[in-house]
Amino acid sequence: MDLAVIDPLPMYRHGVIAVLSAAGYQVGIPADPLKWARQSDGGLMLLTLATATDWNLLDRLRQEAPQQRVIAVLSEEAAGLGARAVRAGARSVLPREVTAAALRRTVEATIDGQTVLPAAVAAALTGTETEPIVTADQLAWLRHLAAGMTVAELARLAGYSERAMFRLLQSLYRRLGARTRIEAIVRAQERGWLLPSGPDPV
């Protein structure tokens, strides 16, 4: 069984190769992943989805090499991204910080025709994902930030110090499965919360 590892960090790639080679797999880093997928006879690709280019490759694999089995590797545990990867053609989904044992199990299961997903991704795909609880104030903060307000301006408006506002926003971002302000705004936008008549998440 031929395996390919596509990831931007050489140390990460070599770590994955070491784990899977020790398990008896032939693992490589193809210079042209799409060409490798077209020529591979039932191979498996571990593809880290970190940039628009990576997502484009996953889409092209689905179109041009539909027989190719892909394990999507995500650097953040966002259920929506995992669900998006499956809809785009990935067979399984793994967090990037996965253990060696979990990596081997996922590869073995995917080769055997099974799909391995984090529970949150499965819930997102089946429509049973629990919406994060966001208060009316937090919803207003997100709308102000989306409109271009700075944290300092928002702090003055909300009656907090800038440092306290920053901590409150960081907590809100984590609740939304986001690491940055932009990611949080995107999550809120995807849920329709930023529209003037958008649904109330409370």
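By convention here, the first residue in the shown sequence is residue 1. Everything quoted here is computed from the prediction, not taken from an experiment.
For Gly89 against Leu58, the heavy-atom pair with the smallest separation is C-CD1, 4.4 Å. Here the closest non-hydrogen pair linking Val121 and Gly82 is CG1-C, 3.5 Å. Listed here is the closest heavy atom pair of Trp36 and Pro30: CB-CB, 3.7 Å. When all heavy atoms are compared, the tightest approach of Thr51 to Asp54 is N-OD2, 2.9 Å. Closest approach of Ala184 to Ala178, counting heavy atoms only: N-CB, 3.4 Å. Here the shortest heavy-atom pairing between Leu194 and Ala146 reads CD1-CB, 3.7 Å.
Judged by distance alone, with hydrogens and angles left aside, the side-chain atoms of Gln67 form a donor-acceptor pair with the main-chain N or O of Ala37 at under 3.5 Å. Glu183 places a side-chain N or O within donor-acceptor distance of the main-chain N or O of Arg179, the cut-off being under 3.5 Å. Without hydrogens or angle criteria, Thr48 side chain to Asp7 main chain gives no donor-acceptor distance under 3.5 Å. With hydrogens and angles ignored, the 3.5 Å screen pairs a side-chain donor or acceptor of Glu153 with a backbone N or O of Thr150. When atom types are taken as modelled, the side chain of Thr115 and the backbone of Arg91 share a donor-acceptor pair closer than 3.5 angstrom. Judged purely by atom type and a 3.5 angstrom limit, Arg62 uses its side chain to pair as donor or acceptor with the backbone of Arg87. Of the possible donor and acceptor atoms, none in the side chain of Ser21 sits under 3.5 Å from a partner among the backbone N and O of Ala18.
Interatomic distance, Leu3 CG to Ile29 CD1, rounded to the nearest 0.5 Å: 12.0 Å. Distance CZ/Arg69 to CG/Leu61: 13.5 Å, rounded to 0.5 Å. With rounding to the nearest 0.5 Å, the separation of CG in Leu44 from CG in Asp2 is 10.5 Å. Note that CG of Leu46 and CG of Leu103 are 6.0 Å apart. Values are rounded to the nearest 0.5 Å. Here CG of Leu169 is found 7.5 Å from CZ of Arg181. Values are rounded to the nearest 0.5 Å. For the atom pair Gln68 CD and Gln39 CD, the distance stands at 11.5 Å (nearest 0.5 Å).
For Arg105, the salt bridge (Lys or Arg N to Asp or Glu O under 4.0 Å) test picks out no residue, with sequence neighbours left out. For Arg104, there are no salt bridge (Lys or Arg N to Asp or Glu O under 4.0 Å) partners two or more places apart in sequence or in a different chain.
Residue Val186 shares its hydrophobic cluster (ILVMFWY side chains chained together at separations under 4.5 Å) with Ile182.
At least one side-chain heavy atom of Pro33 sits under 4.5 Å from a side-chain heavy atom of Met45. Taking the side chain as every heavy atom from C-beta outward, Pro10 and His14 approach each other to under 4.5 Å. Counting heavy atoms from C-beta on, the side chains of Arg38 and Leu34 come closer than 4.5 Å. No side-chain heavy atom of Val16 sits less than 4.5 Å from a side-chain heavy atom of Val19. Looking only at side-chain heavy atoms (C-beta outward), Thr106 and Val98 stay at 4.5 Å or farther from each other. Side chains of Met149 and Arg143 form no contact here, defined as non-hydrogen atoms less than 4.5 Å apart. Between Arg174 and Leu172 the shortest side-chain heavy-atom distance does not fall below 4.5 Å.
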Checklist entry - After noting the C-alpha distance and the side-chain angles of Leu47 and Ile71, does the key distance pass the side-chain contact (heavy atoms from CB on, under 4.5 Å) rule? => result CA-CA 6 Å; Leu47 172 61; Ile71 296 176; over 6 Å; no
Next on the checklist: Set out, in order, the CA-CA distance, both residues' side-chain angles and the distance that settles side-chain contact (heavy atoms from CB on, under 4.5 Å) for Leu154 and Val151, then state yes or no.
Outcome noted: CA-CA 5 Å; Leu154 182 58; Val151 173; 5.5 Å; no
Next on the checklist: For a side chain to side chain donor-acceptor pair (under 3.5 Å) check, start with the C-alpha distance between Thr53 and Asn56, then their side-chain angles and the critical distance, and finish with the verdict.
Outcome noted: CA-CA 5 Å; Thr53 300; Asn56 181 57; over 6 Å; no
Checklist entry - Would Leu81 and Leu49 satisfy side-chain contact (heavy atoms from CB on, under 4.5 Å), going step by step from the backbone distance to the final call? => result CA-CA 9 Å; Leu81 288 179; Leu49 298 172; over 6 Å; no
Checklist entry - So Trp141 and Met165, side-chain contact (heavy atoms from CB on, under 4.5 Å) or not? Walk me through it. => result CA-CA 10 Å; Trp141 298 345; Met165 190 79 249; 3.6 Å; yes
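Placement of Phe166 and Leu168 in two distinct hydrophobic clusters is found when ILVMFWY residues are connected by side-chain heavy-atom separations under 4.5 Å, directly or transitively. Using a 4.5 Å cut-off between side-chain heavy atoms of Ile, Leu, Val, Met, Phe, Trp and Tyr, with links allowed through other members, Leu20 and Ile111 fall into the same hydrophobic cluster. A continuous path of hydrophobic side-chain contacts links Ile17 to Tyr12 [ILVMFWY only; heavy atoms under 4.5 Å]. Taking hydrophobic clusters as Ile, Leu, Val, Met, Phe, Trp and Tyr residues chained together by side-chain heavy-atom distances below 4.5 Å, Leu74 does not share a cluster with Val116.
Judged by the 6.0 Å distance and 45° axis criteria, Arg84 is positioned over the aromatic ring of Trp55.
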